[in-house]
2 protein chains.
Amino acid sequence: MGISKTEIFTDQQNEIALFAKAFGHPARVAILQHLFKIDTCVCGDLVNEIGLAQPTISQHLKALKNLGLIQGSVEGTRVCYCIDPKHWTKMKQILSNFLNQDVSIKSDCC
Amino acid sequence: MGISKTEIFTDQQNEIALFAKAFGHPARVAILQHLFKIDTCVCGDLVNEIGLAQPTISQHLKALKNLGLIQGSVEGTRVCYCIDPKHWTKMKQILSNFLNQDVSIKSDCC
DNA sequence: TTCATTCATCGTAATATTGCAATGAAGCAA
DNA sequence: TTGCTTCATTGCAATATTACGATGAATGAA
């Protein structure tokens with residue numbers, strides 16, 4: 001009913017899904033790519049860089065922050081965001097494990 | 001407005017988001033893991049394996065199939081699903097490229 | 001043919017997500 | 001103080017997703 005029945009899945013499955021959902025929107029992909037590109041951290045430049053309204057960007061940043069993938073530090077009236085390397089690496093390992101399951105070479109289905 | 005503004009993002013960003021969305025639900029993660037585990041293909045066993053109703057599983061399978069990640073072949077009254085190795089590999093490369101962006105080692109944000 | 005099995009599709013309800021205008025909170029400058 | 005800037009939050013509308021009962025299509029068995 002529009003709500004995922006998380007309780008019938010393993011913690012691992014739910015964790016993979018949670019992380020994957022973070023990348024499930026092009027705006028969040030763009031935000032992360034931009035944070036990677038410029039090694040100094042950015043703030044509201046993301047609003048100019050990506051063509052979405054400021055509240056929308058703020059919402060996406062919040063989602064990424066809640067997952068721990070980015071961190072923000074206040075600098076006067078500005079807020080500086082950057083990748084959180086530790087959590088990014090952890091997430092990367094979890095997703096890579098899932099993606100790298102071996103595809104058995106038999107090409108035929110059934 | 002509930003609709004992603006895909007037009008303001010690059011094809012690459014939209015593609016990453018589309019694939020990631022496929023893993024953004026634990027049921028689809030579970031389906032894929034099960035298809036990997038048993039190397040012979042499965043059909044409605046997925047309904048028993050995962051605790052969701054048959055139409056729900058069917059819906060998730062359709063989503064995965066539309067992305068090309070799995071393929072299904074009819075066998076009498078049954079339908080046999082399995083990973084599509086070619087598309088899986090392609091998807092894996094696209095997502096890995098994104099995940100493996102270098103985290104610059106400077107730990108401090110701004 | 002009739003019946004049972006298997007799966008897809010339809011229709012619908014409940015919830016989630018996306019997006020933005022309006023507003024609020026916090027800092028800095030004058 | 002006032003005003004400006006920057007960002008977060010609130011509130012709401014539009015759309016998407018998730019889930020399942022009911023039904024339909026196709027096959028095989030009797």
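Naming convention: chains lettered A, B, ... in sequence-line order (proteins, then strands); numbering from 1 in each chain. These numbers were taken from a predicted model, which means no experiment stands behind them.
Crowding of B:Asn48 atom CG: a count of heavy atoms from other residues, nucleotides or ligands under 6.0 Å exceeding 12.
Between the side chain of A:Gln54 and the base of D:dA8, at least one donor-acceptor pair of N or O atoms lies under 3.5 Å.
Between D:dA19 and B:His60, a contact under 4.0 Å exists linking OP1 or OP2 to a side-chain N or O. In this structure, B:Ser58 reaches the C:dA8 phosphate: one of its side-chain N or O atoms is under 4.0 Å from OP1 or OP2. At C:dA8, one or more side-chain N or O atoms of B:Tyr81 fall inside 4.0 Å of OP1 or OP2 (strictly under the cut-off). Regarding contacts with the backbone of D:dA8, every side-chain N or O of A:Lys65 stays at 4.0 angstrom or more from both OP1 and OP2. Contact between the side-chain N/O atoms of B:Arg78 and the OP1/OP2 oxygens of D:dG28 is not found at any separation under 4.0 Å.
Of all non-hydrogen atoms in A:Leu52 and A:Ala27, the two that sit nearest each other are CD1-CB, 3.7 Å. The two residues B:Trp88 and A:Leu99 come nearest to each other via the heavy atoms NE1-O, 3.2 Å. The two residues B:Ala30 and B:Ile50 come nearest to each other via the heavy atoms CB-CD1, 3.9 Å.
A:Arg28 places no side-chain N or O within donor-acceptor distance of the main-chain N or O of B:Ala17, the cut-off being under 3.5 Å.
What separates CG of B:Asn66 from P of C:dT9 is a distance of 9 Å, to the nearest Å. Between the P atom of D:dG21 and the CD1 atom of B:Ile57 lies a distance of 13 Å, rounded to the nearest Å. When the C1' atom of C:dT17 is taken as reference, atom CG of A:Leu67 falls 15 Å away, rounded to whole Å. Distance B:Phe23 CZ to D:dT17 P: 16 Å, rounded to the nearest Å. Spacing between atom CZ of B:Phe9 and atom C1' of C:dT18 amounts to 11 Å, rounded to whole angstrom units. Separating the CD1 atom of B:Ile70 from the C1' atom of C:dA8 is a distance of 13 Å, rounded to the nearest angstrom. When the P atom of C:dA26 is taken as reference, atom CD of A:Glu75 falls 18 Å away, rounded to whole Å. Going from atom NE2 of A:His25 over to atom P of D:dT15 covers 15 Å, rounded to whole Å.
Comparing D:dC7, C:dT6, C:dA8 by their nearest atom to the side chain of B:Val79 picks out C:dA8. The side chain of A:Thr77 sits closest to D:dT6 out of D:dC20, D:dT18, D:dT6. In the set C:dT18, C:dA26, C:dA21, C:dA21 carries the atom at the smallest distance from any side-chain atom of A:Pro55. Looking at the side chain of B:Lys62, the nearest of the listed nucleotides C:dT9, D:dC7, D:dA19 is C:dT9. Of all nucleotides listed (D:dC20, D:dT17, C:dT18), C:dT18 comes nearest to the side chain of A:Gln59.
If you check every strand for non-hydrogen atoms under 4.0 Å, B:Leu61 touches nothing.
Comparing A:Gly76 and A:Thr56, the nucleotide of DNA chain C nearest to each residue sits closer to the 5' end for A:Thr56. Between A:Val74 and A:Ala27, the one whose closest nucleotide on DNA chain C sits nearer the 5' end is A:Ala27.
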